[in-house]
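These notes concern the structure reproduced below.
Numbered from 1 within each chain, the chains take letters A, B, ... in sequence-line order. Just so it is clear, the structure is predicted and the values come from calculations on it, not from any experiment.
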Protein chains: 2
Amino acid sequence: MRCAVSPSCEEALEILNSRKPNSLLLLMGECMVKFKGRAEAFLGYGERVVMVKRDGSVLVHRDEGCDAVNWQPPGTKTSFFIQDGELVLYAYRLKPPEKMKIRFRKLALAAWARMHDKAALQLIGMEKDYADRLVEHPYIIEEGLRIIKRERKTDSGSIDIYARDKENVPVILEVKRSPPGVAAVYQLEAYVNDFKRKNKEAKVRGILCAPKIPPMVQNMLREKGLEYKAYSCNFELPEDEQRTLFDY
Amino acid sequence: MRCAVSPSCEEALEILNSRKPNSLLLLMGECMVKFKGRAEAFLGYGERVVMVKRDGSVLVHRDEGCDAVNWQPPGTKTSFFIQDGELVLYAYRLKPPEKMKIRFRKLALAAWARMHDKAALQLIGMEKDYADRLVEHPYIIEEGLRIIKRERKTDSGSIDIYARDKENVPVILEVKRSPPGVAAVYQLEAYVNDFKRKNKEAKVRGILCAPKIPPMVQNMLREKGLEYKAYSCNFELPEDEQRTLFDY
DNA sequence: CCTTGAATATCGGTG
DNA sequence: CACCGATGTTCAAGG
């Protein structure tokens, strides 16, 4: 690991060139960014943090916002050189053809380090977890509901859950974690229509299940003869998994 | 701006506490992360880069991937303290209620800096630019096409472009920049049906316009009596805007 | 390799 | 404040 505070461009280049394989590069300073690829972007001089990761990712972060203002994805090739007295980071990739050029005219920090990180992210509360919970406890939606199948494939895409109600009427459940948009309605409608066409059953119900359903979506569902059920779940990571990772 | 290489947790805390308002914090070291909010996450010890931005954003970056492995969005409140000999970053926000705790047991770098960045991002080649190009040059889609209205609101959502062809038949254009999925077909279908119901015109055409349209989507459009038009545009940022920013 | 859909999506615009 | 749609979305899983 090496680090220099307020290096000259030449000093920064020397540090970057001394990096070991698989190291992460960290630069802070006044830079200008150009990008050309799927779109085209230009960002005038300003002070930012730039990271070049082990997998080739390049990130340009401003002092606001979660997202990088400019970036290159994993698999990008990078090179460094001095041009017109400025430190240049050139990054390109082939599929799709995209290139980015960062010019530093002043550096506050230049560093590299090899970072070891074997831990796996434990995460609960995703859409899949919400669907699992419904399969486990179908009465959350409705008394007497029986789960028949999970993730049924149809011509229209994938059904989340296929069930039957207490009167044995087929029920198609679409599970969303985030507030669904109109697309979810079209999707559910397509599933239901597809099922009707294929099975020729007298009745099929379609229920959109989500923690929160916007009024507009509720209206659309009613108009189309579909249903919705707002429900919420609490999820907790098992303590033992945390401890295992803690002890790693 | 202050920076320490391989500080103790106490030294790092001292540096963080000496920060000026609106500064960006940068930490590199071996840490463990817990998050609880919309979902729940746990990440065992590993070496990462942590940024705390002026607007409250907190990012935990591994040495791979564009996205942060853990984060808090802008508006988050943060505090630092020592607990069990480790440097702790506690971050929380109220809407929605979410909290994150990062524990450093070893630090490679601790720094803060005030970053000045007034430059505005210049970006061209977005969906809006594609739609602008069509409004400007409707013959790209079809000879004789006349643009009537842009961004028309309907009960089913918003139409990108509303036009009429050379025979004065209404045409609804949906513009996509990225390859459209089946959702775009349902959306366009809904727009067309909505228009028919409201206007009772004999004919309405719906055209999905995108640089590239997957075969499956083409088939669906044909089945539903809708149309598509693949077209591409080249966009370039005006040189003078770049120069203005360059001189900033 | 391409396609599909989720995301603690984030982010900006609009009402 | 809530909703809605785009994103150089990114990312992971499945065919």
Spacing of the C1' atoms in C:dC11 and C:dA7 (rounded, Å): 14 Å

Rounding to a whole Å, what distance do you find between B:I213:CD1 and C:dC2:C1'? 17 Å

Figure out the CE/P separation between B:M216 and D:dG14, and round it to whole Å. 18 Å

Separation of A:E64 atom CD from C:dG12 atom C1', in whole Å? 14 Å

Nearest atoms (heavy-atom pairs only) where A:Y191 meets A:I172: O-CD1, 3.8 Å

Check the side chains of A:R103 and A:Q83 for a donor-acceptor pair under 3.5 angstrom, ignoring hydrogens and angles. yes

What is the distance, to the nearest angstrom, from the CG atom on B:D67 to the P atom on C:dA6? 17 Å

Contact class for A:P74 vs. all strands (heavy atom < 4.0 Å): base, sugar-phosphate, or nothing? sugar-phosphate

Whole angstrom value for the distance that separates C1' of D:dT10 from CG of A:L59: 12 Å

Given atom CE of B:M220 and atom C1' of C:dT4, what is their separation to the nearest angstrom? 13 Å

What pairs with A:Q218 under side chain to side chain contact (heavy atoms under 4.5 Å, CB included), at least two apart in sequence or on another chain? A:I213, A:R222, A:Y228

Results of ring pair (Phe, Tyr, Trp, His ring centres under 6.0 Å) for B:Y162 - residues two or more places apart only: B:F195

Taking the C1' atom of each, how far is D:dC11 from D:dT7, in whole Å? 14 Å

So what does A:P215 hit on the nucleic acid, given a heavy-atom distance under 4.0 Å: a base, only sugar-phosphate, or nothing? sugar-phosphate

So B:H61 and A:H61, would you call those rings parallel, tilted or perpendicular, with 30° and 60° as cut-offs? perpendicular

Taking the side chain as every heavy atom from C-beta outward, state whether B:M115 and A:V49 have any pair of such atoms under 4.5 Å apart. yes

Whole-Å distance, B:K212 NZ to C:dC1 P, equals 14 Å

All N/O contacts under 3.5 Å from nucleotides 6-8 of chain D to the protein, with atom names and distances to one decimal?
unit_1: D:dA6; atom_1: OP1; unit_2: B:E127; atom_2: OE2; d: 2.9
unit_1: D:dA6; atom_1: OP1; unit_2: B:K176; atom_2: NZ; d: 3.0
unit_1: D:dT7; atom_1: OP1; unit_2: B:E127; atom_2: N; d: 2.7
unit_1: D:dG8; atom_1: O3'; unit_2: B:R177; atom_2: NH2; d: 2.8
unit_1: D:dG8; atom_1: O6; unit_2: A:N70; atom_2: ND2; d: 3.0
unit_1: D:dG8; atom_1: O6; unit_2: A:W71; atom_2: N; d: 2.8
unit_1: D:dG8; atom_1: O6; unit_2: A:W71; atom_2: O; d: 3.0
unit_1: D:dG8; atom_1: N1; unit_2: A:W71; atom_2: O; d: 2.3
unit_1: D:dG8; atom_1: N2; unit_2: A:W71; atom_2: O; d: 3.3
unit_1: D:dG8; atom_1: N2; unit_2: A:Q72; atom_2: OE1; d: 2.5
unit_1: D:dG8; atom_1: N2; unit_2: A:E98; atom_2: OE1; d: 3.2
unit_1: D:dG8; atom_1: N3; unit_2: A:R38; atom_2: NH2; d: 3.1

Is A:K176 salt-bridged to A:E174, cutoff N-O under 4.0 Å? yes

Between CG of B:L94 and C1' of C:dT8 the distance, given in whole Å, is 16 Å

Counting any heavy atom closer than 4.0 Å, what does B:K95 reach on the DNA or RNA strands: base, sugar-phosphate only, or nothing? sugar-phosphate

